[in-house]
Amino acid sequence: MQKYTTSTTFTAPEDGWFKFIGVAKSGEGGSSNTWSDSSDTYRRGGGGGGAGGIVVSVFALHQGEAVTLSFGFGVNIEAQGQNANAQTGSNGRNASTGDSGGRGGSGGSATGGNLLNKPGQAGDTGGFAIDLGEGGSGGINTYEGYSTRGGTGLPSNNRKPTPSYSYIVVLRGNTNLTQTQLNAMDITTLMLDNSRLEQEVTGIMLSQSAQ
């Protein structure tokens, strides 16, 4: 239905099932470090950023019922007494002296989702080499085509995470069903309505005959 990047209150436009996918921002890549001795130039790559966490919750909502969507150090989805939270991934560490590059950032946590809680993957440690030490790769986290990736440590050119923000996607239930499935659901609903109507009529007739 919609993708949100700022805090808001989602109000159900009708009765039905709604799915909320919260994807927290990933961390940036760390800086590299270069130095020279009498014969060579050395470089240690920065650590990759950790991926943000992902939470998924599904609610049966009545028309007008509200769900609170908020952003801080990640994303928060609150409805019907349940609170799902996904935290951002941390930045990769900057490289310094030593025999390895900067450490990768930690992945973000994920808690409270009633369908899925998927913590983010940590970033890789930066490389160490003469002349060129590659930056560590950023962590990745995905769910049903929605994803977040940490930035790669310098000296690469993609230090920033992708995307560079947290977001929450709201999906309406049953929208991906085929027309045949939707027709079957409509037929089932009509049959149940007819059954309830028949029961009501039977109850009225029995009530009248007893008088």
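Computed from a predicted structure; not experimentally measured.
The minimum heavy-atom distance linking Ile77 with Val55 is given by the pair CD1-CG2, 4.2 Å. Nearest heavy-atom pair, Gly45 versus Ser32, reported as atom, atom and distance to 0.1 Å: CA-CB, 4.2 Å. Gly112 approaches Ser57 most closely through the heavy-atom pair O-OG, 4.2 Å. Looking at every heavy atom in both residues, Lys118 comes nearest to Asn141 through O-ND2, 2.9 Å. Closest non-hydrogen pair, Pro163 versus Ser147, comes out as CD-O, 3.7 Å. Contact between Ala86 and Gly22 at its shortest, heavy atoms only, is CB-O, 4.2 Å.
The backbone N or O of Ser106 lies less than 3.5 Å from a partner atom in the side chain of Ser90, making a donor-acceptor pair. A donor-acceptor pair is defined here as one N or O able to donate and one able to accept, closer than 3.5 Å; such a pair exists between the side chain of Gln63 and the backbone of Pro13. Put simply, the side chain of Asn85 never gets that close to the backbone of Asn76: no donor and acceptor are under 3.5 Å apart.
Arg149 places none of its side-chain heavy atoms less than 4.5 Å from the side chain of Thr142. A heavy-atom distance below 4.5 Å is found between the side chains of Ser166 and Thr88. You'll find the side chain of Gln82 reaches within 4.5 Å of the side chain of Phe59, heavy atoms only. Side-chain contact between Arg159 and Ser31: present, with at least one pair of heavy atoms (C-beta onward) separated by less than 4.5 Å. Residues Tyr143 and Leu115 form a side-chain contact, since some pair of their non-hydrogen atoms from C-beta on lies under 4.5 Å apart.
Expressed to the nearest 0.5 Å, how far CD of Gln121 lies from OG of Ser26 amounts to 10.0 Å. Note: Thr148 OG1 to Ile54 CD1 = 7.0 Å, rounded to the nearest 0.5 Å. Interatomic distance, Leu154 CG to Arg43 CZ, rounded to the nearest 0.5 Å: 9.0 Å.
Between the side chains of Asn94 and Asn33, no donor-acceptor pair is found at a separation under 3.5 Å.
Val75 and Phe73 fall into different hydrophobic clusters, where Ile, Leu, Val, Met, Phe, Trp and Tyr are joined by side-chain heavy atoms under 4.5 Å apart, directly or via other members. Cluster membership for Ile140 and Tyr167, using ILVMFWY side-chain heavy atoms within less than 4.5 angstrom, is not shared. Placement of Val169 and Trp17 within a single hydrophobic cluster is found when ILVMFWY residues are connected by side-chain heavy-atom separations under 4.5 Å, directly or transitively.
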Can you give the donor-acceptor pairs under 3.5 Å from side chains of residues 3-11 to other protein atoms, not counting sequence neighbours?
{"unit_1": "Lys3", "atom_1": "NZ", "unit_2": "Tyr165", "atom_2": "OH", "d": "3.2"}
{"unit_1": "Tyr4", "atom_1": "OH", "unit_2": "Gln2", "atom_2": "OE1", "d": "3.3"}
{"unit_1": "Ser7", "atom_1": "OG", "unit_2": "Phe71", "atom_2": "N", "d": "3.1"}

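The only option from Thr68, Leu69, Val67 that meets the side-chain contact (heavy atoms from CB on, under 4.5 Å) definition with Glu78 turns out to be Thr68.
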Using the side chain to side chain contact (heavy atoms under 4.5 Å, CB included) rule, take Gln80 and Leu61 through it: C-alpha gap first, then chi angles, then the decisive distance, then the call.
CA-CA 9 Å; Gln80 299 178 348; Leu61 302 176; 3.6 Å; yes
